Trainee: 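Below is a structure I'd like to ask you about.
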Amino acid sequence: MTSAPASSLPRHVAIIMDGNGRWAKKRYLPREAGHYAGMGAVRETVRAACDMGLENLTLFAFSSENWKRPKTEVGALMGLFRAYFRSDMDELVERNVRMRIIGHRGRVAGDIQQMIQDSEHRTAANTGLNLTFAFDYGGQEEIAATAREMARAAKEGRLDPETITPDLFASRLFTAGTPDPDLIIRTSGEHRLSNFLLWQSAYAELLFLDTHWPDFDRAVLAGALEQFAARERRFGALDSEAVA
Ligand code: FPP
């Protein structure tokens with residue numbers, strides 16, 4: 001890959017939605033109120049992404065580590081996902097959004113699994129924004145599952161280990177078919193990836209914002225895209241001035 005200035009609009013934006021709890025605490029509200037407000041920010045961000053013509057948006061909705069939270073909070077989060085699928089699916093279909101959910105699947109309740117399947121099925125032919133929710137997702141788990149599957153294929157003679165390249169590996173990940181994120185945003189001030197898209201983030205620009213997720217909106221997204229446009233991406237090559 002060659003040195004290139006960032007194109008004005010990233011092809012793929014991925015967001016670690018952090019800070020619901022802190023947003024609620026600042027307002028003396030229970031954490032669940034922060035998650036509820038976070039759902040509003042999801043809605044607003046998806047609408048903005050559609051209006052801006054973004055191709056791919058991935059949102060980290062529930063990590064494989066989030067099961068360690070108190071049962072009541074996990075229950076409240078699951079309730080919100082149900083509510084979101086019920087209330088927003090028609091609008092997503094109308095907006096030509098294609099939905100995809102990446103993650104473990106087998107550990108969530110049966111009715112949520114069904115909603116996930118229905119949403120993917122219902123939007124499969126849509127051609128607008130590709131909206132991916134990382135749900136019960138962990139990057140290390142994803143990489144281990146892919147390696148396990150490829151090792152099994154090699155053992156059974158269906159795969160020649162010598163043919164394994166980064167591209168082949170990527171084509172077996174949950175995200176196969178989606179370009180790697182150009183921009184990963186994390187809200188609420190922490191500077192880490194927290195097991196999000198570990199393989200796919202190799203060349204992503206990282207942007208850490210102090211905004212708590214429930215305060216994220218169209219204007220914050222537009223500001224983040226402006227910051228991205230101002231960065232030069234080199235993919236390991238020299239910058240354009242050094243090459244000239
Ligand atoms: C982090 O806030 C956020 C989450 C654990 C999950 C994200 C969930 C939502 C945005 C709510 C609903 C989403 C959908 C798709 C309906 P935190 O609790 O870790 O915040 P804290 O670090 O301030 O405690």
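Counting starts at 1 for both ligands and their atoms, in listed order. All values derive from a computational prediction rather than experimental measurement.
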Trainee: So which atom in D136 and which in S64 form the shortest heavy-atom distance, rounded to 0.1 Å?
Mentor: OD1-CA, 3.5 Å
Trainee: If you measure from each non-hydrogen atom of W213 to ligand 1, which part falls under 4.0 Å: side chain, backbone, both or neither?
Mentor: side chain
Trainee: Test of understanding: given a 4.0 Å heavy-atom threshold, classify the contact between F133 and ligand 1 as side chain, backbone, both, or neither.
Mentor: side chain
Trainee: Using a plain distance cutoff, I'd like to know if G19 has any nitrogen or oxygen under 3.5 Å from a nitrogen or oxygen of ligand 1.
Mentor: yes
Trainee: With respect to atom 24 (O) of ligand 1, which of K25, R31, R43, H212 exhibits the smallest heavy-atom separation?
Mentor: R31
Trainee: Decide whether T178 and H12 meet the rule of one side-chain donor and one side-chain acceptor closer than 3.5 Å.
Mentor: no
Trainee: Rounded to the nearest 0.5 Å, what's the gap from CD1 on I185 to CG on L207? Could you check?
Mentor: 5.5 Å
Trainee: Please write down residue, atom name and distance for the protein heavy atom closest to atom 9 (C) of ligand 1.
Mentor: N20 ND2, 3.5 Å
Trainee: Tell me which one of M78, M17, R69 gets a heavy atom nearest to atom 19 (O) of ligand 1.
Mentor: R69
Trainee: Under the ring pair (Phe, Tyr, Trp, His ring centres under 6.0 Å) test, which residues partner Y84, sequence neighbours left out?
Mentor: F133
Trainee: Under the rule for side-chain contact (heavy atoms from CB on, under 4.5 Å), what residues qualify as partners of D18, not counting sequence neighbours?
Mentor: R22, R186, T187, S188, E190
Trainee: Less than 3.5 Å between some nitrogen or oxygen of N66 and one of ligand 1, yes or no?
Mentor: no
Trainee: Against heavy atoms of R22, which atoms of ligand 1 measure under 4.0 Å?
Mentor: 21 (P), 22 (O), 23 (O)
Trainee: Going by the angle between their ring planes, with limits at 30° and 60°, are F60 and Y137 parallel, tilted or perpendicular?
Mentor: perpendicular
Trainee: How about CZ on R100, more than 12 heavy atoms from neighbouring residues, nucleotides or ligands closer than 6.0 Å, or not?
Mentor: yes
Trainee: Side chains of T132 and N56: is there a donor and an acceptor less than 3.5 Å apart?
Mentor: no
Trainee: May I ask you to check whether D18 has an N/O atom sitting below 3.5 Å from an N/O atom of ligand 1?
Mentor: yes
Trainee: Check ligand 1 against G21 and write out every atom of the ligand that is under 4.0 Å from a heavy-atom position of the residue.
Mentor: 17 (P), 18 (O), 20 (O), 21 (P), 23 (O), 24 (O)
Trainee: How are the rings of F208 and H191 set relative to one another: parallel (under 30°), tilted (30 to 60°) or perpendicular (over 60°)?
Mentor: parallel
Trainee: Where is the tightest heavy-atom contact between R105 and Q113, given as atom of each residue plus distance?
Mentor: O-NE2, 3.1 Å
Trainee: For atom 11 (C) of ligand 1, tell me which residue out of E73, H35, E65 has the closest non-hydrogen atom.
Mentor: H35
Trainee: Indicate, as side chain, backbone, both or neither, the part of E190 found under 4.0 angstrom from ligand 1 when only non-hydrogen atoms are considered.
Mentor: neither
Trainee: Tell me: protein heavy atom nearest atom 13 (C) of ligand 1, and distance?
Mentor: F81 CE2, 3.6 Å
Trainee: Quick one: which of F85, Y84, F216 has a heavy atom closest to atom 16 (C) of ligand 1?
Mentor: Y84
Trainee: Among all the protein's non-hydrogen atoms, which is closest to atom 7 (C) of ligand 1, and how far away is it?
Mentor: A61 O, 3.5 Å
